[in-house]
Amino acid sequence: MSDDHGGFGTALRELRIAASLTLEGLAEASGVSVRGIGDLERGRRAAPQRRTVAALADGLGLADADRERLLATARAGRSTGYSPAGVRAFPRGIDDFAGRDRELDALRALAESAAARSSDRAGDGAQRPAAPPVTVAVSGPPGTGKTTLALHAARDLAGRFPDGQLVVDLRGMDDEPPGPAELMLTVLKALQVSDRELAKAGPQGHPGLYRRLLAERRCLVVLDNARDEGQVRPLLPGSGAGMVVVTSRRMLTGLESVHRLPLGELTPAEAAGFLAGLVGRERAAADPGPLAEVARLCGHLPLALRVAGNWLATRTGWSVRRLADRLALEDRRLDALSAGDLRVSAAFDLSYRQLTPTAARMFRRLALVPGPDTGAAGAAQLTGQELFDAEDTLEELVEAGLLGADGDRYRLHDLLRLYARTRLAAEESAEGSARAAAALGDWLLRTTIVAGRWFEPEHGAPPADWRGEVDLSSADRARGWLKAEGANWLAALRTASATGRHATVVEVAEALHWFSDQWISWVHWPEVFATAAESARAMGDLLLEATQLNYHAWALIVCESRLHDAVAKAGEALAAARRAGDPSQEAWAYQYRAWAHRSIGDHASSGDDNRRAAGLFDAAGDVHGTLQCMHGHAISLMEQGLPDEALAAYRRTYALLEEAGERVEPHIADITRLELHSNMGSTYALLERWDEALEHLGTALRVCRDTGNTSLESRRTIDLGTVLLAAGRPEEAREAYTRVLALGPEADPRAVTEAGERLAAPGVG
């Protein structure tokens, strides 16, 4: 007989023919079913266990030498650890696996813990309570590579599971996926349980047989593409030293005692590496910029990356730039992401078809959210649901793997957003979509006005009769909502401007004026106030126009450091204020122009404008404006190299702040106080009076933290580091710069960049 060619099935067939036996004859002689023998010969079942081989050898009447060779062939067949009966072979595609190092490390660690259980159980023979096998639930949106990860891990971990690996396709996306009983029978056959044994146990005995066999063996079982908990739960062994990896688009929240491994998109570096492996390293290295752009337009989603890579690999005449340009067309991107029978949108279709009608409607309408994410209250405006009902619907989408969640924010992946848009256009009228978008926009602007007025003098908390869908019961909550929804309410403001709702635009900008100090690192303030100035002009209201032009000048100075533009914008505000006959806005125009001139270094022009502003503020009894002018004068003295005079001017300003007491709006008092301490600290540093400098800078930072103003905290911490470095304390300076990097996304990006540069500098890093 042949020892190897074709494996056990071929060897068995050769022996049967040599013995002049039909399938039926060997079945009768051995007690193994005709179907079982046929499956073995055709390779549809892996090599059987020893008792089945012995029965076949007896039926064939083999001599000892041939019997041993048949047994050896069976052992060799089983050593691969993989049975094709009812389970899938490792597919093409896992060889070009890329990324997922963190997830693979987690699976390796869990496999080690499974192996350790086996060692504990085998070590001293002592009886211990039976522990369940390690079970891992790998979940994620369609196209994230869950199956590929599981199969790659199964091959990688094969040595830790000597009794084999079983990969069972649960076909969870089928209209009628197989039930637990059918799947259990598939696994039992893959484990070489004979038809006779299965018949003897009967359907009611299959679960017990299934659990016993998996408890006895160190197997890795991959239950791929699970539909829901009900399909999976009966297939989880109750005990044993094996490991079970379940993959599903659903989160399978109802499964108990499982390790969870959620998958998202790849990192940009991983995505570029994956594409490079598909298109060839040379080609990728020749076009790194377009390659990264293709990866970004694929949303770093493994399935989309594979389609794009296959497209380029089969079209060698195409440049990477050509594909990037093709994918850049949003309306055509999903159509472009198809290669042969591999289509990204087809993967999304499978999940979408399983949604309830309510969830499908919510999914479609989430494409109308203008920003990257939304809260439940905003989503409720799209569907007209009550808040709690909307939350339940959103969570259904999260569970289905079609929506990401981060805290109380919900986000569609970029490609899923495009897919939702196609379903919206196909299934809903343009009028219905427009009404839903308008409802969201109106709600965003109404809520923005109420939240922004928390920081407006003479407003504060929402009126007693206000009934909103979000909690704005404190300034902190209002600040958090305004920041979280920033991209959304800004888009709604743009729409209001484009559709001629000018009064609403101005009302929103006015409500946000004082809040802007709380978030000066946000880059969109110049647009907000420029849009409001245009709306005021369209309304023909000179006073409103002057006011918004002044706010715009402030934003140009603070947010963008466009100082010459700020001088010009303040000049426009001054002209509008004069035409309106309003001394207050005229004074603010002078004050902002003085600030811009001072920052440029033109102290003469700054001084002239500052004096004009101070006179107008004093005549109007405007303590807020007077404080700004006094503070600006002190800064100018410091910048002109007159530190002693500057300190005296700072103290006079501080004295007025304390004397004015409740006449100064609390938010303005906090901002003024922290800036005074910060500037006094910098001035003492000019005099090399380090202890006093650090004391004032420390006070400024405490005010920043107490008021939650992370943006200003990042800037003032840079100042602290500068003073510490000048004082010869580089280790403390390094700690300060490191703190800036740790402040998170609300830190001023310019401060973060500067901190990184300082840490890299000699003598600090």
Side-chain angles (χ1 to χ4, degrees), residues 449 452-453 455-460 493 496-497 501-517 525-559 562-598 605-633 656 660 663-665 667-669 671-672:
I449 292 168
R453 282 178 174 164
F455 307 92
E456 189 81 5
E458 301 178 6
H459 278 284
L493 188 75
S497 172
R501 296 166 57 200
H502 300 304
T504 298
V505 171
V506 173
E507 187 178 12
V508 170
E510 187 63 39
L512 292 169
H513 168 224
W514 294 107
F515 168 71
S516 59
D517 277 335
W525 291 121
E527 179 187 355
V528 169
F529 297 126
T531 302
E534 291 170 5
S535 284
R537 189 176 302 119
M539 295 167 64
D541 191 319
L542 285 171
L543 177 55
L544 286 178
E545 182 183 352
T547 303
Q548 299 303 319
L549 286 169
N550 271 325
Y551 297 165
H552 189 191
W554 169 88
L556 290 170
I557 296 168
V558 174
C559 303
R562 290 167 52 190
L563 303 175
H564 292 285
D565 289 342
V567 168
K569 194 60 61 179
E572 290 179 37
L574 181 61
R578 284 173 175 167
R579 291 198 303 274
D582 189 88
S584 176
Q585 289 305 317
E586 188 178 346
W588 282 109
Y590 277 127
Q591 198 277 326
Y592 287 127
R593 196 167 69 176
W595 186 352
H597 277 310
R598 183 182 73 241
S605 297
S606 176
D608 288 343
D609 281 341
N610 202 53
R611 282 188 290 274
R612 293 189 183 99
L616 289 167
F617 284 133
D618 186 55
D622 187 335
V623 66
H624 294 129
T626 299
L627 283 168
Q628 291 290 317
C629 288
M630 292 177 68
H631 194 181
H633 174 62
L656 175 60
R663 286 192 295 147
V664 181
E665 199 275 331
H667 150 67
I668 299 173
I671 292 286
T672 305

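Note that the structure is a prediction, hence the values are computed from the model and not measured.
Taking a cutoff of 4.0 Å between a charged side-chain nitrogen and a carboxylate oxygen, E572 and K569 qualify as a salt bridge. Salt-bridge formation is not detected for the pair E510/R453: no Lys NZ or Arg NE/NH1/NH2 atom is positioned less than 4.0 Å from an Asp or Glu carboxylate oxygen.
Separation of atoms CD (Q585) and OH (Y590) is listed at 13.5 Å; rounding is to 0.5 Å. The distance from atom CZ of R579 to atom CG of L574, rounded to the nearest 0.5 Å, is 10.0 Å. Between the CZ atom of R663 and the CG atom of L627 there is a distance of 9.0 Å, given to the nearest 0.5 Å. Going from atom CD of Q548 over to atom CG of L543 covers 10.0 Å, rounded to the nearest 0.5 Å. In this structure, the separation between CZ on F515 and CZ on F455 is 6.0 Å, given to the nearest 0.5 Å. If you take NE2 on H631 and OG1 on T626, they are separated by 14.5 Å, rounding to the nearest 0.5 Å.
Closest non-hydrogen pair, V505 versus S497, comes out as CG2-N, 3.6 Å. Residue V506 comes nearest to A536 through the heavy atom pair CG2-N, 3.9 Å, listed as atom of the first residue, atom of the second, then distance. R598 approaches S606 most closely through the heavy-atom pair CB-OG, 3.3 Å. When every heavy atom of A570 is checked against every heavy atom of A553, the shortest pair comes out as N-CB, 4.0 Å. Of all heavy-atom pairs spanning N550 and A573, the tightest one is OD1-CB, 3.3 Å. When all heavy atoms are compared, the tightest approach of H597 to D609 is CD2-OD2, 3.4 Å.
Contact check for R611 versus L616: no side-chain heavy atoms found under the 4.5 Å cut-off. Looking at W525 and L512, their side chains come closer than 4.5 Å, going by heavy atoms from C-beta outward. Between I557 and W554 the shortest side-chain heavy-atom distance does not fall below 4.5 Å. Between Y551 and V528, every side-chain heavy-atom pair lies at or beyond the 4.5 Å cut-off.
For H564 (side chain) and A596 (main-chain N/O), no donor-acceptor pair under 3.5 Å exists by modelled atom type. Listed for the N610 side chain is no donor-acceptor partner under 3.5 Å among the backbone atoms of A594. Within the 3.5 Å criterion, the main-chain N or O of I668 finds a donor-acceptor partner in the side chain of T672.
Below 30°, between 30° and 60°, or above 60°: for F617 and W588 the angle between ring planes is above 60°, a perpendicular geometry.
Between the side chains of H502 and S535, at least one donor N or O lies within less than 3.5 Å of an accepting N or O.
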